[in-house]
Amino acid sequence: MSRIAQAFDSGQWSVIASASAKAALLTLALPLAACGAGGFSLEKAEVDRSIITSSAPSSPAQPASSDKDSDQTTIGNAVSSADIQELGGQAVPWANAGTGSRGAITELVELKDGGLTCRRFNATRESFDGVALYKGELCMASAGGWRMQEFNAL
């Protein structure tokens with residue numbers, strides 16, 4: 001065996017490996033210790049005034065109201081353009097791309113009273129603010145268009 005090989009027998013290798021592991025651990029721990037050298041103390045900690053938290057303002061109720069109006073118009077358009085005989089009692093789906101709301105129109109019936117043609121219906125409205133059921137009535141106006149007579153949440 002050569003002298004170099006004899007100098008590093010298995011006992012010395014474990015000492016060298018142990019020393020290397022300790023050096024690596026020290027190399028990793030030293031930067032972390034340096035970060036804390038300044039010390040962290042709750043007494044020195046201050047409130048960060050740049051962060052603002054509060055409740056949402058109550059004024060956004062208005063856009064939800066305009067969303068409901070837009071959805072009411074979309075439902076009215078679906079009711080007025082539906083072919084009741086062809087539907088045979090099936091639900092009429094509706095969707096409003098502007099508000100993201102959707103639903104179905106059910107129990108759609110057409111009534112004629114004294115020359116006035118009306119359509120009564122129930123409609124569901126699924127939107128970001130929940131699901132609601134409405135009862136409505138749409139009647140033919142004198143100019144040939146349809147006008148919403150009633151649209152109430154149940």
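Counting begins at 1 with the first residue of the sequence. All heavy atoms count here, side chains included; hydrogens, waters and symmetry mates do not.
Between Arg119 and Val79 there is a side-chain heavy-atom pair separated by less than 4.5 Å. Between Arg102 and Asp71, the closest side-chain pair of non-hydrogen atoms is not below 4.5 Å. Using a 4.5 Å heavy-atom cutoff, the side chains of Arg125 and Val131 are not in contact. Counting only heavy atoms from C-beta outward, the side chains of Ser101 and Asp67 never approach each other to under 4.5 Å. Side chains of Thr99 and Ser127 form no contact here, defined as non-hydrogen atoms less than 4.5 Å apart. Using a 4.5 Å heavy-atom cutoff, the side chains of Arg147 and Cys139 are not in contact. Residues Val109 and Glu107 fail the side-chain proximity criterion, which asks for heavy atoms closer than 4.5 Å.
Within 6.0 Å of the CG atom in Asp83, the count of heavy atoms belonging to other residues, nucleotides or ligands exceeds 12.
Of the possible polar contacts, none joining the Ser70 side chain to the Ser66 backbone as a donor-acceptor pair under 3.5 Å is found. Of the possible donor and acceptor atoms, one in the side chain of Thr124 sits under 3.5 Å from a partner among the backbone N and O of Ala104.
Using cut-offs of 30° and 60° for the angle between ring planes, the Tyr134 and Phe151 rings count as parallel.
Distance CD1/Ile105 to CD/Gln90: 13.5 Å, rounded to 0.5 Å. To the nearest 0.5 Å, atoms NZ (Lys112) and OG1 (Thr117) are separated by 4.0 Å. To the nearest 0.5 Å, atoms CD (Gln72) and CG (Asn96) are separated by 12.0 Å. Between Gln149 atom CD and Cys118 atom SG the span is 6.0 Å, to the nearest 0.5 Å.
Two different hydrophobic clusters hold Leu133 and Trp94 under the rule that ILVMFWY side chains link at heavy-atom gaps under 4.5 Å. When the side chains of ILVMFWY residues are joined at heavy-atom separations under 4.5 Å, either directly or via intervening members, Met148 and Leu116 end up in two distinct hydrophobic clusters.
The two atoms that bring Leu87 and Ala82 nearest to each other are CD1-CB, 4.0 Å, heavy atoms only. Residue Phe121 comes nearest to Ile75 through the heavy atom pair CE1-CG2, 3.7 Å, listed as atom of the first residue, atom of the second, then distance.
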